[in-house]
Number of protein chains: 2
Amino acid sequence: MLISEFVRRTGLARETVRYYVRFGLLRPQTTQKGGRHPYFMFTEDDVHCADVIRVGQALGLSLREIGELRKARRSGDLPRKKRLVLMKDQLARLEAKSAELERLKTYVRAKIAWQQHGEKGDEPMLAGMK
Amino acid sequence: MLISEFVRRTGLARETVRYYVRFGLLRPQTTQKGGRHPYFMFTEDDVHCADVIRVGQALGLSLREIGELRKARRSGDLPRKKRLVLMKDQLARLEAKSAELERLKTYVRAKIAWQQHGEKGDEPMLAGMK
DNA sequence: CTTGACTGTGGAGTGCACTCCACACTTATA
DNA sequence: TATAAGTGTGGAGTGCACTCCACAGTCAAG
C-alpha cells in the first residue's frame with residue numbers, strides 16, 4: 001500500500017510516517033512508481049510494526065530504544081556478540097522500568113486500601129527513592 | 001525543609017524542582033530566610049506531591065494534566081468516592097503497562113537465550129501485540 | 001494535454017520537559 | 001570577617017518527537 005493508505009490504516013500523520021522512515025523505524029519497500037524519488041510501498045508487516053511502536057511508546061520507550069528492539073529482532077547482519085550486548089542492555093532497561101512500575105503499583109494499592117479504611121493513620125508513601 | 005533536602009528526598013534535580021515551582025505544580029511556602037528572594041520551604045505534602053507527579057508521568061500524563069488533577073483535588077472538587085474510582089483506574093492502567101512490559105521482557109529474555117544457545121530452532125516471537 | 005491529487009526531499013519550526021549557566025544575595029562555618 | 005555553601009532569578013540551550021512548509025517530480029482522470 002502507498003503512504004496515504006498506510007496513514008489511514010495506522011492513524012499516524014503522514015509527516016510522522018515520514019519521520020519514522022527517516023529515523024529508520026519503518027523501512028518500506030519501494031515501488032516502480034515515482035521515478036527519481038520512488039514511492040514507498042508499505043506492507044501489513046509495517047502496519048504491525050506501527051502497532052509495536054505504539055506499545056513501546058506507551059511503555060515509555062524512546063523511538064531509539066524501540067528501533068534497537070526492532071533491529072535486534074530483524075536478526076540482522078550484526079555480529080552475534082554485538083547483538084547480544086544490545087539485547088542485554090535492552091533487557092536491563094526494561095527491568096529497571098519494570099521495577100519502577102512495581103513500586104508505583106504497590107504505592108497506589110496501599111493508597112487505595114488506606115482510603116477504603118477511612119484514611120486512618122499515615123498516608124502511604126512511595127518507598128525507596130534512590 | 002529547604003530545597004536541597006527536598007531534592008535529596010525526592011530524587012529530583014534542583015532545576016527540575018525549580019521548573020515545577022515555576023510551572024505551578026509545586027507551591028512551597030516561603031521562609032523568613034533569604035531576604036529579597038525568600039527561600040522555599042517544602043513540606044511532607046510537597047514530597048508526596050512529587051510522588052504523585054511521578055505516578056502521573058508513568059501513566060503518560062503531561063505535567064499540565066497532572067497540574068489540573070492536583071488543582072481539582074485541592075479545591076475539593078473530588079469527593080472521596082470519585083477519588084477512589086480514579087485511583088483504581090490508575091492502578092488498572094499501571095497493571096496493563098506492567099503486563100505489556102512483562103511480555104517484552106519475556107520476549108527479550110527468550111531471544112537472548114535462543115541466541116546464546118546457537119540460534120537453534122524457531123526464533124522467539126513477540127506474542128499478542130493487539 | 002491539462003489539471004489536480006499524490007508523492008518524495010530538505011529544512012525550519014513547535015511544544016514539552018527538562019538542564020545549564022551567570023549572577024547576585026543570604027547564611028553558615030572557620 | 002573572610003569564605004564556602006546554599007539559595008533565588010532570568011534566560012539560554014538541549015533532546016525528543018513530531019509538525020509544517022516550499023518545492024518539484026509523478027500519476028490518473030477527464
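Convention: sequence-line order gives letters A, B, ...; per-chain numbering from 1.
- Residue A:Tyr39 contributes atom OH, which lies 11 Å from atom P of C:dT9 at whole-angstrom precision.
- In this structure, B:Glu102 pairs ionically with B:Lys105, as a charged nitrogen and a carboxylate oxygen lie closer than 4.0 Å.
- For the OP1/OP2 pair of C:dA17 and a distance below 4.0 Å, the side-chain nitrogens and oxygens of B:Thr16 include no atom meeting the criterion.
- Within 4.0 Å of A:Phe23, counting heavy atoms only, lies no atom of the nucleic acid at all.
- At a threshold of 4.0 Å, the pair A:Glu100-A:Arg103 counts as salt-bridged, since one of the basic side-chain nitrogens sits closer than that to a carboxylate oxygen.
- Between B:Thr10 and B:Ala50, the shortest heavy-atom contact is CG2-CB, 3.7 Å.
- Considering only side-chain N and O atoms, A:Ser4 lies under 4.0 angstrom from the phosphate OP1 or OP2 of C:dT7.
- The nearest whole Å value for the distance from the CE atom in B:Met1 to the C1' atom in D:dG6 is 17 Å.
- When the salt bridge (charged side-chain N to carboxylate O under 4.0 Å, His left out) test is applied to A:Arg27, no partner is found at least two apart in sequence or on another chain.
- Nucleotide D:dA12 holds its P atom 16 Å from the OH atom of B:Tyr19, rounded to whole Å.
- Listed nucleotides: D:dT7, D:dG25, C:dT9. Nearest to the side chain of A:Arg36: D:dG25.
- Rounded to whole angstrom, the span from the CG atom of A:Leu63 across to the P atom of D:dA17 amounts to 4 Å.
- Between A:Arg64 and A:Arg14, the one whose closest nucleotide on DNA chain D sits nearer the 5' end is A:Arg64.
- Summary of the strand contacts: B:Leu61 and A:Arg22 both lie near DNA chain C, and taking for each the nucleotide with the nearest heavy atom, the more 5' one is attributed to A:Arg22.
- With D:dC20, C:dA28, D:dT9 as the choices, the nucleotide that has an atom nearest any side-chain atom of B:Lys33 turns out to be C:dA28.
- Between the P atom of C:dA28 and the CD atom of B:Gln32 lies a distance of 13 Å, rounded to the nearest Å.
- Separating the CD atom of A:Glu5 from the C1' atom of C:dT7 is a distance of 15 Å, rounded to the nearest angstrom.
- If you measure from atom CZ of B:Arg8 to atom P of D:dA5, you get 17 Å, rounded to the nearest angstrom.
- Nearest approach of B:Val21 to B:Pro28, heavy atoms of both residues: CG2-CD, 3.9 Å.
- Considering only side-chain atoms of B:Ala13, the nucleotide from C:dT19, C:dT7, C:dT9 that sits closest is C:dT19.
- For B:Tyr20, the listed nucleotide lying nearest its side chain is C:dC18; candidates were C:dC18, C:dG10, D:dT9.
- Taking side-chain N and O atoms only, B:Gln57 has a distance below 4.0 Å to OP1 or OP2 of C:dC18.
- Closest contact between the side chain of A:Arg18 and the listed nucleotides C:dC18, C:dT9, C:dT7 involves C:dT9.
- For A:Glu15 against D:dC20, a side-chain-to-base donor-acceptor contact under 3.5 Å is present.
- Remark: P of C:dC6 and CZ of A:Phe42 are 16 Å apart, rounded to the nearest angstrom.
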